[in-house]
Amino acid sequence: MIIFLYKGVLIVKIADTLMGFAKYELKEYPFIFENGILQLLPSSQDNWKQEQRNLLKTLIQEKWEPSEEWIGYSFIEAKTNDGHNIIFCVSNDSSNDNGFISYSVFYLFIYNPNISNGKDIKKICISGKTIDAFYNPTKAYEIEFQHNEENKLKSMDINIKNDIEIHAGNYEYQETTININLRPMPIIKPKNKVPLVTKSLMKFEFSSPKDLPFIMDIYQQIKKFFFYVCRSVAVDFDDIQVYNEDSKKYGSCGTIRVFYSQHNKTINEIKYDSIINYDLLENKMISIFEAIIKDDIYFDHFLSYTNAPHSYGTDRIILDFVAFEREFRNFYDEHVERSEEYIQIKNEILEYLKELKDEKTGKKKKYVNEFLRSLGKIEIKFANKIIKSLKDCEDILLPFLQHDYKEYSSEKIEIIGERLNKLRNDSVHGNIDLKIDPINVADFSTIENLIYAIRLKGIGLDKREIQNSIKNLKHYNISFKD
């Protein structure tokens, strides 16, 4: 554990290896925590032998049976060798190696028991390179250039601004108001080769004190927000600093470190410039948090470390289709205008099936009822959803459509819709003859652009803001005409 003062604020930095004593099943065990694994050690050889006997008894007496439930989690409380309290959130799928028990840790919360009980959290602060990319930390400075009589640069003055924290908005969750503030934080290190560095902080303040499970719910929302604005699950956060009411006097009362969201990749592989930043979203970012709470946004199609942005496998294609359908359902009426002949024939078939249902019994009646439900749901096919939303967003997406398609014109929208409809049906139904042509790469790019255009338009961004958002995410080398 490392404790240091920064600008008069106490910061708790978690060491890579922690030791102390933990409570487990009413017993106290020495523990060592390292690399995401919590190991509970027997306190003596006699206790170790007892643990071995308990393990053997369990193996003999308990018959293994497959479980139909998800593996849960538990909390193990402990105290470190330097006097801090710690809560480990661990997987219930523990390992027992001849009496030595170990757990995979999802996250841990280490706090100072003198200023916190671990259930009085009023604020958390998130930092990291992804936060810096979202809110540029250089906003902390005012830069003035001095020129000589020949108009050549003579000197440059860098001044740190006052009152540089901004309020980004608030939203409600579980009867709690959550306020979001953003602040660039200049840090002076006189003895370093780079004496002045800056990082950005994202602060979440709660209207009432909260416990650890609530905080981790908020953390999940934060992660999903950045998955969305980065179009990727490859995000990079520092440890979470935790504050309570006494933090005004003492500073951070604890730190949370999360393990289960980490990827076995170096942070250098994250593309920090692929992001919809705060300058584009401003307070409309709150609408994304609200959509996350309502589970309106689909996340499984976002890129991982291993995804090449311009490589489309069947799995990515299918997930893009699912994400599009979710957004279409969120923002558009699925009803489509049909001809009188179509409606007449559909109603005649439905009436016939209703009469047939009354005549049948048993499984035959069940099958007729299934046909009734299926036919009743037929309102708009996938191609029409693409066509309807693409026409609605064409003005926004026009620069990208002109970039991706040779000699693009509005007449091609229906062709794009039909191509995507065929690919969607072939991929979803496992057509082994699925053929992807070069033109389909442009189609896949279009549907991914459309997914973002639909939501960003729906939450109130203007045309240029949406265009710059998509350009940032996908690095289009284009300029926009006024």
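Note that the coordinates shown come from a computational prediction; the quantities given were computed from them, not determined experimentally. We use all heavy atoms of the structure for the numbers below, so side chains are in, but hydrogens, waters and symmetry mates are not.
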- Do Met19 and Glu34 pass the side-chain contact (heavy atoms from CB on, under 4.5 Å) test, and can you show the C-alpha distance, the side-chain angles, and the key distance before you say yes or no? CA-CA 9 Å; Met19 294 177 287; Glu34 200 170 27; over 6 Å; no

Using the ring centroid of each side chain, check whether [X] and [Y] are separated by less than 6.0 Å.
| X | Y | value |
| --- | --- | --- |
| Phe324 | Phe382 | yes |
| Phe289 | Phe225 | yes |
| Phe106 | Phe88 | no |

Nearest 0.5 Å please: distance from the [atom1] atom of [X] over to the [atom2] atom of [Y].
| X | Y | atom1 | atom2 | result |
| --- | --- | --- | --- | --- |
| Met202 | Ile240 | CE | CD1 | 12.5 Å |
| Leu473 | Cys230 | CG | SG | 8.0 Å |
| Leu40 | Lys27 | CG | NZ | 11.5 Å |
| Ile126 | Leu201 | CD1 | CG | 10.0 Å |
| Ile121 | Tyr111 | CD1 | OH | 9.5 Å |
| Ile293 | Ile178 | CD1 | CD1 | 6.0 Å |

- Step by step, would you call Leu420 with Thr446 a side-chain contact (heavy atoms from CB on, under 4.5 Å)? CA-CA 10 Å; Leu420 283 168; Thr446 295; 5.6 Å; no

- Message: Assess the residue pair Asn117 and Asn85 against the criterion (side-chain contact (heavy atoms from CB on, under 4.5 Å)); give the C-alpha distance rounded to whole Å, side-chain angles, the decisive distance to 0.1 Å, and a yes or no.
- Response: CA-CA 9 Å; Asn117 61 13; Asn85 285 13; over 6 Å; no

For the pair [X] (side chain) and [Y] (backbone), establish whether a donor and an acceptor sit closer than 3.5 Å, ignoring hydrogens and angles.
| X | Y | value |
| --- | --- | --- |
| Ser445 | Val441 | no |
| Ser252 | Val242 | yes |
| Asp132 | Ser200 | yes |
| Ser389 | Ile386 | yes |
| Thr130 | Asp236 | yes |
| Gln467 | Ile396 | yes |

Is the terminal nitrogen or CZ of [X] (NZ for Lys, CZ for Arg) located under 6.0 angstrom from the six-membered ring centre of [Y] and within 45° of that ring's axis?
| X | Y | result |
| --- | --- | --- |
| Lys471 | Phe480 | yes |
| Lys122 | Tyr243 | no |
| Lys223 | Phe226 | no |

Just jot down the side-chain contact (heavy atoms from CB on, under 4.5 Å) partners of [X], sequence neighbours excluded, or say none.
| X | answer |
| --- | --- |
| Ala168 | Ile180, Leu182, Tyr278, Met285 |
| Leu153 | Phe145, His147 |
| Lys210 | Thr176, Phe206, Ser208, Phe214, Ile215 |
| Asn472 | Asn277, Leu280 |

Which residues pass the ring pair (Phe, Tyr, Trp, His ring centres under 6.0 Å) test with [X], not counting sequence neighbours?
| X | answer |
| --- | --- |
| Phe21 | none |
| His403 | Tyr476 |
| Tyr73 | Phe75 |
| Phe331 | none |

- Message: Would Gln39 and Phe31 count as a side-chain contact (heavy atoms from CB on, under 4.5 Å) here? Give the steps.
- Response: CA-CA 6 Å; Gln39 293 181 316; Phe31 79 84; over 6 Å; no

- Query: Under 6.0 Å from the CD atom of Glu77, do we count more than 12 heavy atoms belonging to anything else shown?
  - Reply: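 Open: at most 12 neighbouring heavy atoms sit under 6.0 Å from CD of Glu77.
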
Side-chain ion pair, [X] and [Y], N-O less than 4.0 Å:
| X | Y | value |
| --- | --- | --- |
| Lys199 | Asp238 | yes |
| Lys123 | Glu245 | no |
| Asp279 | Lys139 | yes |
| Lys23 | Glu28 | no |
| Arg257 | Asp239 | yes |
| Asp296 | Arg326 | no |

For [X], enumerate each residue passing the side-chain hydrogen bond (donor to acceptor under 3.5 Å, both in side chains) test, keeping only those at least two apart in sequence or located in another chain.
| X | answer |
| --- | --- |
| Tyr452 | none |
| Asp443 | Tyr405, Arg419, Asn440 |
| Tyr24 | Tyr103 |
| Ser102 | none |

- Identified salt bridge (charged side-chain N to carboxylate O under 4.0 Å, His left out) partner of Glu327 from the options Lys457, Lys385, Arg455: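 Of the listed options, the one satisfying the test is Arg455.
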
Check whether any side-chain heavy atom of [X] lies under 4.5 Å from a side-chain heavy atom of [Y], and answer yes or no.
| X | Y | answer |
| --- | --- | --- |
| Leu397 | Leu450 | yes |
| Glu448 | Ile470 | no |
| Ile222 | Ile124 | yes |
| Phe134 | Leu281 | yes |
| Phe109 | Ile86 | no |
| Leu456 | Ile276 | yes |

Does a side chain donor of either [X] or [Y] reach within less than 3.5 Å of an acceptor in the other side chain?
| X | Y | value |
| --- | --- | --- |
| Asn136 | Thr138 | yes |
| Glu290 | Tyr173 | no |
| Asn179 | Glu205 | no |
| His167 | Asn181 | yes |

- Task: Could you point out which residue of Asp404, Leu390, Leu401 forms a side-chain contact (heavy atoms from CB on, under 4.5 Å) with Asn449?
- Result: Asp404

